[in-house]
Structures are given as structure tokens and as C-alpha cells.
Amino acid sequence: MIRMQNVSKNFGALEVLKDVSMQVDAGEVVVVIGPSGSGKSTLLRTINGLEAIRAGEITVDGIAVHADKKSLHLARQLTGMVFQQFNLFNHKTVLQNITMGPMRVQKKSRTEAENIARELLVKVGVPEKADVYPSKLSGGQQQRVAIARALAMHPKVMLFDEPTSALDPEMIAEVLDVMKNLAQEGMTMIVVTHEMGFAREVADRVVFMTEGAIVEEAVPADFFARPKNERTRQFLSKVLNH
Amino acid sequence: MHTLDFGILAEYWPSMMDGLAMTIRISVLSIIFGTVMGILGAFCRISGNIVIRSIGNVYVEWIRNTPLLIQILFIYFGLGVFFNLSSITASVLALSFFSGAYITEIIRAGIQSIHKGQHEAALSIGMTDFQAMFFIILPQAIKRILPPLAGQFITLIKDSSLVSVIAVTDLTYVAKNIVTTTFRAFEVWLAIAVFYFLLSFSLSLAVRKLEKRLAQSD
């Protein structure tokens with residue numbers, strides 16, 4: 001579903017992605033972890049072209065994301081993205097946030113778009129919030145609406161960029177539950193997160209990044225029990241033993 | 001002691017009304033063209049193309065760092081050497097270019113004050129840059145643009161009094177004439193100030209109402 005081949009990226013002199021290659025199959029849930037500044041968010045953002053790349057190739061469902069404007073546009077419609085800061089459209093109600101993509105991009109009718117939106121609001125557990133503005137929602141509710149907004153485009157892949165990092169602790173679970181359900185339904189997902197419990201429970205594969213490179217990847221059981229790389233061991237000892 | 005005679009105003013009322021009409025006409029035209037200039041200027045200033053961006057920068061800096069009076073004189077007398085501009089056309093041109101530069105900055109700042117996450121979220125659901133700007137960024141920016149924009153319009157109405165120097169028969173010009181013939185400086189200039197006040201103040205009331213209507217999603 002997603003192929004990254006020898007992808008490199010710089011911010012000025014700083015190399016944020018160094019020759020990264022990765023593949024994600026349809027239905028797979030891949031969790032990316034690593035210290036901050038390791039390039040994991042950047043990696044995710046290159047997949048739907050929010051960040052340009054210097055070298056390499058990324059394909060989503062066979063479409064080369066960075067080839068030209070047209071394929072970038074196509075690829076973005078196949079990938080849903082959930083941001084750390086939710087980024088709901090503040091001037092639109094919850095329902096309008098979700099119908100925006102189907103109506104403006106897929107040119108669906110308002111009725112059809114609203115039906116999709118209401119179904120998704122049930123799915124993420126906030127059907128009663130359809131007509132309120134995002135500023136009236138808790139962080140957890142906003143993030144669940146953001147997930148619904150992304151799902152409304154019927155993406156083949158969902159990208160999650162630290163979806164729970166900006167949430168109060170008691171709201172993390174409600175967002176992770178929605179993500180777990182998505183995973184169980186067979187959605188292809190790449191999740192950048194610090195939630196080790198989620199990684200252990202939901203991931204098919206855990207990828208560890210540091211200094212712009214993937215240094216280890218394994219199924220969660222092996223990854224957490226028998227990390228091979230020294231940097232992975234150091235990182236895990238810091239995040240798990242406290 | 002000098003006695004005041006406001007009866008003089010009744011006598012010159014028709015010519016003051018003509019002056020008021022001219023001030024309104026020039027102000028409205030300049031507000032419209034100035035806003036168009038401001039929108040064009042703002043998109044130049046945020047353009048990814050360095051040439052276009054530089055044009056926007058030069059425009060804004062040039063206008064903001066020269067006096068409006070000189071701009072009016074330059075356009076009427078200076079450009080008048082090459083083009084046959086009426087004093088009204090020259091006034092509207094000068095006021096439009098002048099306010100356009102400030103409006104450019106107001107619109108640019110409004111657009112850039114919207115968090116870039118809004119733009120990214122719009123792109124991530126498959127919108128084009130144009131759609132993201134039109135449906136997501138501008139509707140949010142407009143709320144922040146409106147108050148300083150109204151201030152700029154009010155400034156423009158008041159600055160329009162400067163065009164009396166090129167013999168446009170606006171409120172100020174008419175007032176000068178009446179004062180020269182009647183010597184009733186106090187009464188006439190006070191009345192003229194009230195006219196400018198009413199124009200500016202009713203505009204700011206209208207904008208305040210609009211702002212309240214736009215504030216519903218906050």
C-alpha cells in the first residue's frame with residue numbers, strides 16, 4: 001500500500017531523513033516510535049506530501065506522491081491525516097468540518113455528505129455534537145471529529161501524527177479506542193506515538209527511528225521483549241521503566 | 001466681541017451638500033479600488049514567486065514612506081504631463097494606491113495569522129491550494145482583517161480632504177471657498193468637521209455590527 005524507497009530530506013543543513021526505506025501492506029498497522037527530533041513526524045508528513053523530499057520515491061497505492069501536482073492531489077485523497085493539534089476548521093461546525101472534503105473535493109451532494117458525516121460521528125462517539133463549533137469541544141472530542149473528517153474521504157490509508165500528545169490524560173483512551181476499532185476493521189495505518197501500550201496491543205509492526213533513520217523494526221512482542229539495537233534498548237529503558 | 005452666526009450655514013447648505021456628495025463619491029470609489037489593490041498586493045506579498053513578491057514589497061514600502069500629499073501632487077501634476085487626468089480621476093488614483101498599500105499589509109497579516117495547521121488540514125483532505133485559501137483560510141482571516149480594514153477606510157475618508165489642493169470640489173474645498181467669502185471660519189469649519197465625523201462614525205458603527213455577526217463561531 002505504501003512504499004518508501006531511499007527517501008532523504010533536509011531542513012537546511014540538517015538531514016532529517018537519511019535514506020529511509022519502508023513498506024506498509026494493506027491492512028497493516030505500523031507504529032513509529034523514537035525520541036523527539038528523530039524525524040518520525042517528518043517521515044509521516046512526506047507520505048501525503050506536506051513535506052517535500054530531496055531524494056527517493058514514495059508511492060501510495062501505486063501513485064508516486066512527489067511526482068507532480070496531479071499525483072500529489074490524488075495521493076492525498078487516498079490518505080487521511082490526523083494531526084497532533086487536531087486542526088479542525090474553526091469557522092465550521094463539526095458536521096461542516098466533515099462534509100467539507102466530500103462536498104468540495106469529491107463533489108458529493110450535501111445530503112449524501114451529511115449522511116456520511118452523521119454515520120461517522122456515531123462511529124467516533126460524538127453524534128450529539130454535529131452542530132456545534134470546534135471551540136466548544138474537549139480535546140478528545142476534537143480529535144475524534146478530526147478522525148471522522150479524515151475518514152469521510154474514504155481513505156485507503158490513515159496517518160496519525162502523535163494524535164494523543166496534546167490531550168489531557170483522561171481523554172487519551174477515548175481517542176485510542178477509536179483508533180483500535182479502525183485497526184480491527186482492517187484500515188491501513190501508520191501511527192507516530194509515544195503510547196507504548198497502544199503499540200504493544202494494536203501494532204502489527206513497530207518501527208524505531210532515531211536521527212532520521214529507521215534502526216529497528218519488529219513485531220511488538222519481539223520489539224519490546226528483545227530489542228536488538230543498542231539505541232532501541234536505551235530508548236525503551238527510558239520510556240518503559242518509570 | 002465676535003458674534004457667531006450659524007445662519008450662514010443655511011445659506012450655503014446646497015454647496016456644502018455638493019461638497020459632501022463629492023467627498024462620498026471619491027471616498028467610495030477609492031475604498032473599492034483601494035481594496036482591490038490591497039487584495040492584489042496581499043497575494044503578491046505572500047506569493048512563492050520572488051519577482052511577484054518583490055513587486056508587492058516595493059509597492060508597499062514606496063507608498064508607506066512618501067507623504068500622501070506628494071503622491072496626490074505627483075499623480076495630478078507629474079503624471080499629468082503624460083496623461084490628461086481630471087482632478088477627480090487623479091484623486092481616486094492617488095487615494096486608491098495609498099490606501100491599497102495599507103490594506104495590502106492588513107490582508108497579508110490577517111492571512112498569515114491563521115495557523116498553518118488549518119492549511120495543512122485542508123490539503124490533507126484533498127483540497128487544492130486555491131480551495132484551502134478560499135474555503136478555509138480567508139473566511140477565518142476576514143474576522144481579523146475587518147477591524148483594521150474599517151480603520152483604514154475611515155482614515156481614507158479623512159485623508160480625502162487633501163485632494164482639495166488639486167481643486168476637487170469636495171467638502172474641504174467648498175468650505176475654504178465659503179470661508180473666503182463670508183469670513184465665518186468657526187461656523188463653517190465646525191460644520192465641516194461634523195460632516196466628516198458623521199461619515200466616519202456611521203461607517204465604524206456598520207462595521208461593528210458586521211463583526212458581531214461574524215463572531216458566532218468563536
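In the text below, chain A, chain B and the rest are named by the order of the sequence lines, each starting its count at 1.
Expressed to the nearest 0.5 Å, how far CG of A:Asn87 lies from CD1 of B:Ile125 amounts to 11.5 Å. We find the CZ-CE distance between A:Arg76 and B:Met127 to be 12.5 Å, quoted to the nearest 0.5 Å. The CD atom of A:Gln85 sits 6.5 Å away from the NE2 atom of B:His115 when rounded to the nearest 0.5 Å.
For the pair A:His73 (side chain) and B:Thr128 (backbone), a donor-acceptor distance under 3.5 Å is absent. Not one N or O on the side chain of B:Gln131 forms a donor-acceptor pair closer than 3.5 Å with the backbone of A:Val105.
Around the NZ atom of A:Lys156, the shell of radius 6.0 Å holds no more than 12 heavy atoms that belong to other residues, nucleotides or ligands. Taking a 6.0 Å sphere around CZ of A:Phe11, one finds it holds more than 12 heavy atoms contributed by other residues, nucleotides or ligands. Atom CG of A:Leu14 has more than 12 heavy atoms from other residues, nucleotides or ligands within 6.0 Å. More than 12 heavy atoms of other residues, nucleotides or ligands sit less than 6.0 Å from atom CZ of B:Arg53. Around atom CG of A:Asp131, more than 12 heavy atoms belonging to other residues, nucleotides or ligands sit under 6.0 Å away. Other residues, nucleotides and ligands place no more than 12 heavy atoms under 6.0 Å from the CZ atom of B:Phe97.
Of the atoms belonging to B:His119, not a single heavy atom falls under 4.5 Å from chain A. Only the side chain of A:Arg45 comes within contact range of chain B, judged by heavy atoms closer than 4.5 Å.
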message: Working note: A:Met81 + B:Leu123, criterion side-chain contact (heavy atoms from CB on, under 4.5 Å); need CA distance, chi angles, decisive distance, verdict.
response: CA-CA 10 Å; A:Met81 176 106 182; B:Leu123 295 184; over 6 Å; no
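In this structure the side chain of A:Phe83 reaches within 4.5 angstrom of the side chain of B:Ser124, judged on heavy atoms.
Most heavy-atom pairs under 4.5 Å with chain B, from the set A:Met153, A:Gln77, A:Arg104: that is A:Arg104. The choice from A:Thr79, A:Leu74, A:Leu88 that makes the most heavy-atom pairs within less than 4.5 Å of chain B is A:Leu88.
In terms of heavy-atom proximity, B:Phe135 sits nearest to A:His91 at O-NE2, 2.9 Å.
At a heavy-atom cut-off of under 4.5 Å, chain A is reached by no residue from residues 100-111 of chain B.
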